[in-house]
Structures are given as C-alpha cells and as structure tokens.
Amino acid sequence: QVQLVESGGGLVQPGGSLRLSCAASGTIYTVNSMSWYRQNLGEQRELVARYDWGGSADYADSVTGRFTIARDNAANSVYLQMDSLKAEDTGVYYCSGNIVAGVSPTPWDYWGQGTQVTVSS
C-alpha cells in the first residue's frame, strides 16, 4: 500500500506565495507521475499541475506562469510552488500519484488527504 502526505497549506493574502509538498511512501517499485488537483466549494475537482518522471510538466491555463511543479530532494516527492496567488486559487489541494507498488504489476492512482489553501485579504 502507498501513502501520500501533503503539507504547506494555509492562509495567504493575494499576491503572496505558498509551497506545497507531497511525499509518497510504501513499497514503491516505480513512480510514473505525480499531480496536484484542487477543489473549491460547489466546484468539481480540477487538475492543476502534473509532473511526469520523464521530466515533463503540464499546467492548467489558469496557473501557467505562476505555479511550478518539480521533483523535491527526497525520493518519490514533488512540490508545488505557488506565486502571485489570487482569490480564485482558494480550495483544497490534493496530491495524486500514479505508482506501481507492492506485488501488483499494475500502476494505480493513489490520493492524499488534501490540504486547505485560502487566499484572502
């Protein structure tokens, strides 16, 4: 089994910055990709950014140029650097990993518990 733990959420004023971290642990054979999703009240969950272990990254149009996703120093970890934050960025941010783990040869999507990000003056 795989566990994903997010950290770094909190309250920040518009124009400020936050750095979210996600660490995957367990009997991991390989990580194919890790992603950040967010969900606000009354809205569907949306993909914010995805990092492929081959080195490529994709972003939602609304965050391109302001957010950066990359591998962290620790193994099987990524961070999301969020700059120039807007009120529209408010929501619960979830980390997801496409991971091959344990005795199963099939990759599976694992999810973290989520961390709250609130952008408000």
Side-chain angles (χ1 to χ4, degrees):
Q1 200 71 19
V2 173
Q3 295 176 331
L4 273 66
V5 179
E6 305 110 326
S7 62
L11 174 65
V12 65
Q13 293 184 344
S17 298
L18 283 175
R19 181 183 171 108
L20 307 182
S21 297
C22 177
S25 62
T27 309
I28 297 174
Y29 178 73
T30 185
V31 175
N32 294 321
S33 65
M34 296 183 73
S35 304
W36 285 97
Y37 292 76
R38 69 185 179 190
Q39 184 173 24
N40 207 345
L41 293 176
E43 303 290 338
Q44 293 186 348
R45 187 173 300 183
E46 64 174 348
L47 176 66
V48 177
R50 180 178 64 248
Y51 183 82
D52 185 271
W53 245 241
S56 63
D58 296 306
Y59 301 91
D61 290 341
S62 60
V63 307
T64 297
R66 299 187 298 119
F67 290 10
T68 301
I69 187 171
R71 284 159 61 180
D72 213 335
N73 291 328
N76 305 320
S77 300
V78 296
Y79 66 82
L80 183 69
Q81 179 66 42
M82 304 186 295
D83 298 321
S84 302
L85 283 163
K86 307 174 181 179
E88 306 93 275
D89 297 317
T90 294
V92 179
Y93 283 68
Y94 298 90
C95 181
S96 178
N98 186 255
I99 298 169
V100 178
V103 299
S104 175
T106 304
W108 192 262
D109 290 330
Y110 298 88
W111 292 85
Q113 183 175 322
T115 184
Q116 176 71 42
V117 172
T118 302
V119 184
S120 177
S121 60

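Both backbone and side-chain heavy atoms feed into the values below; hydrogens, waters and symmetry mates do not.
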Do [X] and [Y] touch side chain to side chain, with heavy atoms closer than 4.5 Å?
X    : Y   : value
Y37  : Y93 : no
L18  : L85 : yes
V117 : M82 : yes
T90  : N40 : yes
D72  : S21 : yes
R71  : M34 : no
V2   : I28 : yes
E6   : W36 : yes

Do [X] side-chain atoms and [Y] backbone N/O form a donor-acceptor pair below 3.5 Å?
X   : Y    : result
T64 : A60  : yes
T27 : A101 : no
D52 : G54  : yes

Does a sphere of radius 6.0 Å around [atom1] in [X] hold more than 12 heavy atoms from other residues, nucleotides or ligands, not counting ones at 6.0 Å or beyond?
X    : atom1 : result
Q39  : CD    : yes
W111 : CH2   : yes
E46  : CD    : yes

Connected via hydrophobic side-chain network under 4.5 Å: V100 and L4:
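No, separate clusters.
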With hydrophobic residues grouped by side-chain heavy-atom distances under 4.5 Å, do Y59 and Y94 end up in a single group?
no
Can you give me the closest heavy-atom contact between [X] and [Y], atom names plus distance?
X    : Y    : value
R38  : S62  : NH2-OG, 3.4 Å
P14  : S121 : CD-N, 3.8 Å
D109 : S96  : CB-OG, 4.4 Å
L80  : A49  : CD1-CB, 4.1 Å
S84  : S17  : N-OG, 4.4 Å
G55  : Y51  : CA-OH, 3.6 Å

Distance in Å, S25 OG paired with Q3 CD, rounded so as to fall on 0.5 Å steps
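Answer for the OG-CD pair, S25 versus Q3, is 5.0 Å.
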Listing request: all disulfide bond (SG atoms under 2.5 Å apart) pairs with a residue in residues 19-121, at least two apart in sequence or in separate chains.
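Matches after skipping sequence neighbours: C22-C95.
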Sort out for me which residue in V63, L20, I69, D89 forms a side-chain contact (heavy atoms from CB on, under 4.5 Å) with V48.
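Considering V63, L20, I69, D89, a side-chain contact (heavy atoms from CB on, under 4.5 Å) with V48 is found only for V63.
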Is any NZ, NE, NH1 or NH2 atom of the basic residue among D83 and R66 found under 4.0 Å from an Asp or Glu carboxylate oxygen of the other?
no
Assess whether side chain to side chain contact (heavy atoms under 4.5 Å, CB included) is satisfied between I99 and T30, documenting all intermediate values.
CA-CA 6 Å; I99 298 169; T30 185; over 6 Å; no
